[in-house]
Student: 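Before I ask anything, let me first share the structure, which is written out below as structure tokens.
Every number for a ligand or one of its atoms is a count from 1 in the order of the listing. The shown structure was predicted, so the numbers you read here are calculated from the model rather than taken from an experiment.
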Amino acid sequence: MPLTLRPQEPRTPGARAFLASGPKRLLIDGAWTETARTFETHDPATGVKLADLARAGQAEADLAVAAAASALGRSDWAGMTPAHRAALLWRIADIVEAHADELSELETLDQGKTLRTGRMGEIPAAIAQFRYYAGFATKILGTTIPTSIAHQPAGKQVFAYTRREPIGVVACITPWNSPLLMAAMKLAPALCAGCTVVLKPAEETSLTTLRLGELMIEAGLPHGVVNILTGFGHEVGAALTGHPDVAKVAFTGSTEVGRILIGAARGNLKKLTLELGGKSPAIVLPDADLSLAVPGIARGIFGNSGQVCVAGSRVYAHRSLHDALVNGLAAEANRLPLGHGLDPEAELGPLVSPAQAERVGAYVTEGVAQGAEVAAGGTGFAEAAAFYAPTVLTRTRPEMRLMREEIFGPVVAVTPFDEPEEAIALANDTEYGLAASVWTESLSSAHRMAAAMKAGTVWVNCHSYFSPELPKGGHKASGWGYENGAQGLENYLETKTVCMVV
Ligand code: NAD
């Protein structure tokens, strides 16, 4: 894990112009709006300030929700034909695609991820969300229902049908690990359904969401349909989640904040989708192909420096290949060059902040003090506080905090097992249930293990594979509801039954 921190500048004129364009404002009712209070966002690799951001509170939340509520029934939005809504979503995708290099650079600067992770992975995935849900806009269907209601007036009959209607104003709240993608995963289905949105990005990483706001206006989105409020969770986040005119909250973030939101939603019984934390296991059976498993598991935990909700942080390896797997993962951890995400030589960037790197380090230090052994990594870097070395641990125990809590960093623990039942029990021994992977060449084992895992997604011979058509959600304390696919659209629609005598 060599760290080389070479100074980097954004190359695209778009990213340079956006950064040079001064303090960033809120998007409320189609206008960019200043606030008296501001806060800063920094490049985590260098600590250099990137921009001042508007700090929204209750007053701005009220304005943005009012704008979204007014746009909801306005003819230029509610009256837009499904075909036009589909075309609008497609246009947003095209404009984002035309600015993909610039958005990737901004994401790297603000979040730390490597340019490759953004440009090859997350930005195309965000674009794909808009294209996927563009296809759904013309296919939102109700049903006609033959009823058995008897005794109608002479010559009359009952006719009944359902309408699918937008749920209303949606507050979308996103985390810092994959900002643009998380925003797209909420905006695309919400707009497809005809909802209006107030979007609050994470305070650490707001830049690409703000740039997306500019691009959506360019694409022709009517004013007030999407409003963007930057600021802190306990301020503007709380103002939105407690707001009586917000019908639904679509949240991605930690389980801890998810629990707060359940309380905040009580007032008007807001609908909630909660995409929360994870502690995902990877089970490596004795017949696994290690040439797939080693790089696949390494990508599944070290990718985006482990700041991925589904990161495979607990590996259970059959005893016959445990040592080979540990050696393979350790070799990969030791090989990965760390550096500024814009540096083409870097394969891993920093964590989102020095505080996050310190938090990751504290888990490892505590685990080692309790008997865990370090096979690779296990250190931060004095000269670059937001970096943490990709780390492989052995001899951990299930009760250790690092085995129970989400670390959200590049740290994996490998534990041997003898029987598949033992691996299943260990893997499921967690409050979380977001995802799991199984590595095997046996079709029967693959299906049996997939059924036994208590998780929203099970991968076989891969980890962290996503696509807009694959529903994604958490079991147990990993959340409520699903994003992606037809189920993802359901979150933003409600059913109205119309029953008439005709
Ligand atoms: P976080 O929960 O700290 O913050 C997420 C968002 O919630 C931020 O925008 C924050 O400002 C806001 N927030 C904080 N307190 C709030 C409050 N009281 N009211 C309203 N909003 C509030 O999460 P994070 O640290 O930004 O992101 C990391 C977490 O996100 C991890 O737990 C990770 O697993 C999770 N995550 C889950 C998924 C998934 O799909 N399940 C995807 C990505 C990240």
Student: Please tell me if atom 4 (O) of ligand 1 is touched by the protein, where touching means a protein heavy-atom distance below 4.0 Å.
Tutor: no

Student: Which ligand 1 atoms, with their elements, are less than 4.0 angstrom from a heavy-atom of Thr252?
Tutor: 5 (C), 36 (N), 37 (C), 38 (C), 39 (C), 40 (O), 42 (C), 43 (C), 44 (C)

Student: If you round to the nearest 0.5 Å, how far is CG of Leu103 from CG of Leu215?
Tutor: 6.0 Å

Student: Would you give the length of the straight line joining atom SG of Cys462 to atom CG of Leu292, rounded to the nearest 0.5 angstrom?
Tutor: 9.5 Å

Student: Closer than 4.0 Å to some heavy atom of Leu261 - which atoms of ligand 1 meet that?
Tutor: 19 (N), 20 (C)

Student: Write out the residue and atom name of the closest protein heavy atom to atom 10 (C) of ligand 1, then the distance separating them to 0.1 Å.
Tutor: Glu203 OE1, 3.6 Å

Student: Which of the numbered atoms in ligand 1 are under 4.0 angstrom from any heavy atom belonging to Ala238?
Tutor: 19 (N), 20 (C)

Student: What's the shortest distance from atom 32 (O) of ligand 1 to any protein heavy atom, and which residue and atom give it?
Tutor: Glu406 OE1, 2.5 Å

Student: Could you see which bit of Glu204 sits under 4.0 Å from ligand 1, with heavy atoms only: side chain, backbone, both or neither?
Tutor: neither

Student: Under 4.0 Å from ligand 1, counting heavy atoms only, is it the side chain of Leu240, its backbone, both or neither?
Tutor: neither

Student: What part of Leu434, side chain, backbone, both or neither, has a heavy atom within less than 4.0 angstrom of ligand 1?
Tutor: side chain

Student: Pro201 heavy atoms, cut-off 4.0 Å: which ligand 1 atoms fall inside?
Tutor: 9 (O)

Student: What protein heavy atom sits nearest atom 27 (O) of ligand 1, and how far away is it?
Tutor: Pro175 CB, 3.2 Å

Student: As a check for students: among Gly253, Ser178, Cys309, identify the option with a heavy atom nearest to atom 35 (C) of ligand 1.
Tutor: Gly253

Student: Please list the nearest protein heavy atom to atom 7 (O) of ligand 1 with its residue and the distance rounded to 0.1 Å.
Tutor: Phe251 CE1, 3.2 Å

Student: With respect to Asn177, determine whether any N or O atom, backbone or side chain, lies less than 3.5 Å from an N or O atom of ligand 1.
Tutor: no

Student: Report yes or no: is the cationic atom of Lys248 (NZ for Lys, CZ for Arg) under 6.0 Å from the centre of the six-membered ring of Tyr492, at an angle within 45° of the ring normal?
Tutor: yes

Student: With side-chain hydrogen bond (donor to acceptor under 3.5 Å, both in side chains) as the test, would you mind laying out the steps for Asp43 and His340 before giving the verdict?
Tutor: CA-CA 9 Å; Asp43 175 346; His340 194 289; 2.7 Å; yes

Student: Students should be able to answer this: which protein heavy-atom is nearest to atom 28 (C) of ligand 1, and at what distance?
Tutor: Phe408 CE2, 3.5 Å

Student: Do Trp176 and ligand 1 have an N or O pair less than 3.5 Å apart?
Tutor: yes

Student: How would you list, by chain and number, every residue that makes a ring-ring contact (aromatic ring centres under 6.0 Å, His included) with Tyr363, sequence neighbours excluded?
Tutor: none

Student: CG/Leu274 to CD1/Ile262 distance, rounded to the nearest 0.5 angstrom?
Tutor: 5.5 Å

Student: Is the closest heavy-atom distance from Lys472 to ligand 1 below 4.0 Å?
Tutor: yes

Student: Starting from the C-alpha separation in whole Å, work towards a yes-or-no answer on ring pair (Phe, Tyr, Trp, His ring centres under 6.0 Å) for Trp90 and Tyr132.
Tutor: CA-CA 9 Å; Trp90 200 271; Tyr132 179 75; over 10 Å; no

Student: From Glu275 CD over to Cys309 SG, what is the distance, rounded to the nearest 0.5 angstrom?
Tutor: 7.5 Å

Student: For Gly231, is at least one N or O under 3.5 Å away from an N or O on ligand 1?
Tutor: no

Student: Any ring pair (Phe, Tyr, Trp, His ring centres under 6.0 Å) pairs touching residues 171-205, not counting sequence neighbours?
Tutor: Trp176-Phe408

Student: Is there a side-chain contact between Val236 and Glu60, using heavy atoms and a 4.5 Å cut-off?
Tutor: no

Student: Which atoms of ligand 1 sit under 4.0 Å from any heavy atom of Gly233?
Tutor: 11 (O), 12 (C), 13 (N), 14 (C), 15 (N), 16 (C), 17 (C), 18 (N), 19 (N), 20 (C), 21 (N), 22 (C)

Student: So, Thr273 versus Lys186: side-chain donor-acceptor pair below 3.5 Å or not?
Tutor: no

Student: Return the residue, atom name and 0.1 Å-rounded distance of the protein heavy atom closest to atom 1 (P) of ligand 1.
Tutor: Ser254 OG, 3.6 Å

Student: Report the nearest protein non-hydrogen atom to atom 9 (O) of ligand 1: residue, atom name, distance rounded to 0.1 Å.
Tutor: Thr174 O, 2.8 Å

Student: Yes or no on ring pair (Phe, Tyr, Trp, His ring centres under 6.0 Å) for Tyr388 and Phe381, after CA distance, side-chain angles and deciding distance?
Tutor: CA-CA 7 Å; Tyr388 197 83; Phe381 297 87; 7.8 Å; no

Student: Quick check on contacts: which atoms of ligand 1 are under 4.0 angstrom from a heavy atom of Leu276?
Tutor: 34 (O), 37 (C), 38 (C), 39 (C), 41 (N)

Student: Quick check for you: to the nearest 0.5 Å, what is the distance between Asp110 atom CG and Thr41 atom OG1?
Tutor: 3.5 Å

Student: Which residue and atom name correspond to the protein heavy atom nearest atom 20 (C) of ligand 1, and how close is it?
Tutor: Gly237 C, 3.3 Å

Student: Does any N/O atom on His234 come nearer than 3.5 Å to any N/O atom on ligand 1?
Tutor: no

Student: On the six-membered ring of Phe18, is Lys24 placed so that its NZ or CZ lies under 6.0 angstrom from the centre and within 45° of the ring axis?
Tutor: yes

